[in-house]
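Scroll down for the structure; my scribbles are underneath it.
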Amino acid sequence: MISIFEQARQQLITAIGAALAQAMEAGTLPRAEIAPFVVEVPADTARGDFATNAAMVNAKALRQSPQKIAQAIVANLDLSGCYAERVETAGPGFINFFVKPQWFADIVSEIAQKGEQYGHTDYGHGQKVMVEYVSANPTGPMHMGNARGGALGDVLAEALAWSGHDTTREFYVNDAGNQIEKFGISLEARYIQHLRGEDAAVLPEDAYQGSDIIDHAVAFAAEYGEQYLNCDSRQRRDALIAYALPKNVAKLESDLARYRIHYDVWFRESTLHPDAIQRVLEVLRSRNAVYELDGALWYKATDFGGDKDEVLVRANGLPTYFAADIAYHYNKFAVRGFDKVINVWGADHHGHVARLKGAMDAIGLDGSKLDIVLMQLVRLMKDGEPYRMSKRSGKSISLSDLLEEVPLDAARFFFIMREAGSALDFDLSLAAEQSAKNPVFYVQYAHARICSMLKNLAAEGIAADGERYLTVSPAALLVLTAPEERALIRRLGQLPQEIINAACAYDPAGISSYITDVATLFHKFYTACRVKGEPEELLYPRLALCHATRTVLKNTLALLKITSPEVM
RNA sequence: GUCUCCGUAGCUCAGCUGGAUAGAGCACCGCCCUCCUAAGGCGGGGGUCGGGCGUUCAAAUCGCCCCGGGGACGCCA
């Protein structure tokens with residue numbers, strides 16, 4: 001069941017299409033293919049509740065002026081059964097529509113009826129979608145890029161779920177391969193240094209330099225002493241990895257949980273080694289997509305849109321990250337049967353996008369089912385100065401550090417405010433200092449204001465149980481005619497579509513501007529229209545509107561996983 | 001060099017599947033609480049939408065070429 005807002009829009013699309021066909025039938029317009037047109041809310045709603053460019057986009061095909069086409073459409077328009085009741089043409093050929101007052105009343109009723117469910121749709125028809133995000137290396141703490149990817153991926157997954165997709169949230173744990181080996185080497189050096197002094201071991205330049213490595217080594221030494229000092233290096237590294245890796249993964253999980261991110265699946269790369277990887281290599285081999293050179297196994301990326309070939313198995317016999325990633329995505333599609341897979345990656349991985357999609361084609365799967373959201377990296381600033389955030393420097397700001405300094409609600413909102421494709425400057429001092437000025441507070445304030453009103457009125461014995469304003473009839477709601485009331489209702493009606501848009505465009509940023517918009521419109525309504533003290537026939541409809549606004553704010557904040565305070 | 005993201009008000013950015021006078025927040029100036037939360041509302045100043053050419057009835061939006069800035073181009077992940 002589509003929303004009341006969308007019903008009005010869809011009715012118009014149908015009616016306009018019919019009117020064009022009718023005009024052609026009658027000979028008023030020449031016969032031609034109808035170009036796609038849009039029906040949308042005009043920037044200035046004084047012009048109309050909806051507007052269409054149908055006449056203008058068809059001017060060329062119909063070889064007539066947009067104004068004439070508009071007139072022909074209007075002359076053949078049948079609005080019976082539509083929310084729209086009045087139409088006029090304007091400007092260069094726009095057709096503007098005005099809806100019946102009933103439309104506004106029905107939207108408020110719809111929200112009251114659906115309550116917490118308002119905003120949910122079955123748009124996706126249960127399509128099986130996976131969102132894989134963060135997937136930070138388990139060799140150290142998460143950085144700001146992970147924090148941004150976490151918020152973006154999580155809200156995207158929510159939007160997909162709300163819009164009727166069967167959504168799986170997944171974290172890919174890179175617990176195998178080169179970086180784990182490097183992790184072991186780093187731990188080993190720190191362990192030996194801890195027991196035998198700085199000069200007893202050399203920490204390679206490309207090793208992990210962070211203090212967390214030292215902490216692990218020290219804790220390991222406290223537990224096992226010198227037991228691993230004289231054994232085989234392989235054995236020592238394995239013991240250190242076996243000790244530290246689970247701790248790191250647990251830390252990732254708890255940090256993310258604190259950030260309100262919970263995954264459905266923690267998928268371990270190690271489960272792909274070696275069988276699943278061998279299997280995809282076989283498939284590629286059978287499809288003639290690989291060759292051997294210099295002792296390594298190469299993938300013919302150039303046959304599948306790549307600009308150069310890629311190594312799958314190194315001369316030393318170890319598979320590359322890329323080989324594992326092909327096996328991983330083969331698993332997502334062929335083994336687990338996802339219809340759509342969305343990966344949220346840092347923009348530094350952009351070279352990997354075409355490669356992986358091409359590899360899906362090469363392996364006989366459909367690369368177009370794989371979508372990558374590339375996120376420009378976060379530049380961490382402090383007092384206007386760039387702040388080093390390299391994992392190696394050892395003094396980086398981690399996700400848990402961030403949450404110490406910035407309110408959680410603000411951090412989540414801040415990260416989704418900007419679309420993924422734009423670089424984000426996150427000024428720590430600013431975010432911490434000006435937290436009260438963060439837009440998230442503006443939105444939460446609107447929610448708290450409504451709660452306060454409802455509470456005050458309840459204290460005076462008005463609608464104490466909420467029944468009266470939750471069940472105001474659509475007919476009684478017709479009194480909501482003030483421009484501020486209408487503007488607010490119009491926007492409230494768009495929540496389901498806003499969520500669908502965010503899900504389809506992979507752009508959670510739209511939701512943050514939507515909710516800010518709703519807050520603004522509520523504050524304007526609040527200033528212009530009183531509730532308390534008005535006669536009952538106006539008081540209750542306005543209370544119903546307040547409550548509907550609260551529902552929209554609360555539901556949208558819930559989607560963003562941001563709290564809805566009742567008092568501020 | 002190739003690929004990619006970005007360039008819109010003093011600052012941070014929306015708008016970009018083309019549409020009717022280019023928006024918001026912050027900052028600045030001035031108003032509005034005997035009245036439901038002033039963490040709010042109203043008004044004001046402030047713009048060659050980086051530049052040029054092109055497509056179109058219509059370009060901040062699409063295409064091409066420049067200019068300026070970030071990022072990626074490993075038998076790393």
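A, B, ... follow the sequence lines: proteins, then strands. Residue 1 opens every chain.
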Among [options], which nucleotide has an atom closest to any side-chain atom of [X]?
{"X": "A/Asp294", "options": "B/G19, B/C75, B/A77", "result": "B/C75"}
{"X": "A/Asn137", "options": "B/C75, B/G19, B/A77", "result": "B/A77"}
{"X": "A/Pro92", "options": "B/C75, B/A77, B/G19", "result": "B/G19"}
{"X": "A/Phe441", "options": "B/A39, B/A77, B/A20", "result": "B/A39"}

- Evaluate the side chain to side chain contact (heavy atoms under 4.5 Å, CB included) criterion for residues A/Leu539 and A/Lys532: first the C-alpha distance (whole Å), next the side-chain angles of each, then the deciding distance (0.1 Å), finally the verdict. CA-CA 7 Å; A/Leu539 178 123; A/Lys532 191 178 169 183; 5.5 Å; no

Interatomic distance at [atom1], [N] relative to [M], whole Å:
{"N": "B/G47", "M": "B/G15", "atom1": "C1'", "answer": "15 Å"}
{"N": "B/G10", "M": "B/G51", "atom1": "P", "answer": "14 Å"}
{"N": "B/A14", "M": "B/U8", "atom1": "P", "answer": "10 Å"}
{"N": "B/A24", "M": "B/C42", "atom1": "C1'", "answer": "16 Å"}
{"N": "B/G63", "M": "B/G18", "atom1": "C1'", "answer": "13 Å"}
{"N": "B/A58", "M": "B/C13", "atom1": "C1'", "answer": "27 Å"}
{"N": "B/A27", "M": "B/U12", "atom1": "C1'", "answer": "11 Å"}
{"N": "B/G40", "M": "B/C33", "atom1": "C1'", "answer": "10 Å"}

- Salt bridge check: are A/Arg550 and A/Glu566 linked by an N-O gap of less than 4.0 Å? yes

- Message: Check this for me: does any side-chain nitrogen of one of A/Lys182 and A/Asp206 sit under 4.0 Å from a carboxylate oxygen of the other?
- Response: no

- Query: Counting just side-chain N and O atoms, does A/Asn178 come under 4.0 Å of either OP1 or OP2 of B/C76?
  - Reply: yes

- Task: Examine B/G15: is either OP1 or OP2 under 4.0 Å from a nitrogen or oxygen in the side chain of A/Tyr514? Give yes or no.
- Result: no

Check every strand shown and say whether [X] touches a base, only sugar-phosphate, or nothing at a heavy-atom separation below 4.0 Å.
{"X": "A/Pro36", "value": "nothing"}
{"X": "A/Ala51", "value": "base"}
{"X": "A/Val567", "value": "base"}
{"X": "A/Gln67", "value": "nothing"}
{"X": "A/Val57", "value": "base"}
{"X": "A/Ala59", "value": "nothing"}
{"X": "A/Arg355", "value": "base"}

- Item | Pairwise 5' ranking along RNA chain B for A/Pro66 and A/Ser422, keeping only the more 5' one | A/Ser422

- Query: Starting at the 5' end of RNA chain B and moving along, which residue's nearest nucleotide shows up first, A/Ala176 or A/Asp44?
  - Reply: A/Asp44

Write down the distance between [atom1] ([X]) and [atom2] ([N]), rounded to a whole number of angstrom.
{"X": "A/Phe415", "N": "B/C13", "atom1": "CZ", "atom2": "P", "result": "14 Å"}
{"X": "A/Asn53", "N": "B/U17", "atom1": "CG", "atom2": "P", "result": "12 Å"}
{"X": "A/Arg418", "N": "B/A24", "atom1": "CZ", "atom2": "P", "result": "17 Å"}
{"X": "A/Glu40", "N": "B/U17", "atom1": "CD", "atom2": "P", "result": "11 Å"}
{"X": "A/Lys60", "N": "B/G18", "atom1": "NZ", "atom2": "P", "result": "15 Å"}
{"X": "A/His523", "N": "B/C32", "atom1": "NE2", "atom2": "C1'", "result": "16 Å"}
{"X": "A/Asn58", "N": "B/U56", "atom1": "CG", "atom2": "P", "result": "18 Å"}
{"X": "A/Tyr321", "N": "B/C75", "atom1": "OH", "atom2": "P", "result": "16 Å"}

- Evaluation steps, salt bridge (Lys or Arg N to Asp or Glu O under 4.0 Å), between A/Glu498 and A/Arg491: CA-CA 10 Å; A/Glu498 288 290 342; A/Arg491 206 74 180 103; 3.2 Å; yes

- Query: Would you say the base of B/A14 and the side-chain of A/Asp517 have a donor-acceptor pair closer than 3.5 Å?
  - Reply: no

- In residues 526-538 of chain A, what residues come within less than 4.0 Å of RNA chain B, judged by heavy atoms? A/Tyr526, A/Thr527, A/Cys529, A/Arg530, A/Val531, A/Lys532

- Taking side chain as C-beta onward, heavy atoms only, is A/Tyr442 less than 4.5 Å from A/Thr520? yes

- Any side-chain heavy-atom pair from A/Arg237 and A/Ile185 closer than 4.5 angstrom? yes

- Using 30° and 60° as the class limits, which term best fits the ring planes of A/Tyr526 and A/Phe522: parallel, tilted or perpendicular? tilted

- Please state whether the rings of A/Trp266 and A/Phe171 are parallel, tilted or perpendicular, taking 30° and 60° as the class boundaries. parallel

- Note on the structure: Given Watson-Crick and G-U pairs under 3.5 Å, RNA chain B in dot-bracket ([ ] crossing, | other strand) is (((((((..((((.....[...)))).(((((.......))))).....(((((..]....))))))))))))....

- Using atom types as modelled and distance alone, determine if a side-chain donor or acceptor of A/Asn146 lies under 3.5 Å from a backbone N or O of A/Ala136. no

For residues [X] and [Y], report the shortest heavy-atom separation together with the two atoms involved.
{"X": "A/Ala59", "Y": "A/Pro66", "answer": "CB-CG, 3.9 Å"}
{"X": "A/Ser512", "Y": "A/Ile416", "answer": "CB-CD1, 3.8 Å"}
{"X": "A/Asp212", "Y": "A/Pro141", "answer": "OD2-CD, 3.6 Å"}
{"X": "A/Gln179", "Y": "A/Thr139", "answer": "O-CG2, 3.7 Å"}

- Query: Would you say A/Glu33 has more than 12 foreign heavy atoms packed within less than 6.0 Å of its CD?
  - Reply: no

- What's the base orientation of B/C33: syn (chi within 90° of 0) or anti? syn

- Quick one: do A/His329 and A/Asn343 satisfy side chain to side chain contact (heavy atoms under 4.5 Å, CB included)? Show the steps, please. CA-CA 10 Å; A/His329 286 84; A/Asn343 294 346; 2.8 Å; yes

Between the protein and nucleotides 70-74 of chain B, list the N/O to N/O atom pairs that are separated by less than 3.5 angstrom.
| residue | atom | partner | partner atom | Å |
| --- | --- | --- | --- | --- |
| B/G70 | N2 | A/Gln376 | OE1 | 3.1 |
| B/G71 | N2 | A/His350 | NE2 | 2.8 |
| B/C73 | O2' | A/Lys308 | NZ | 3.3 |

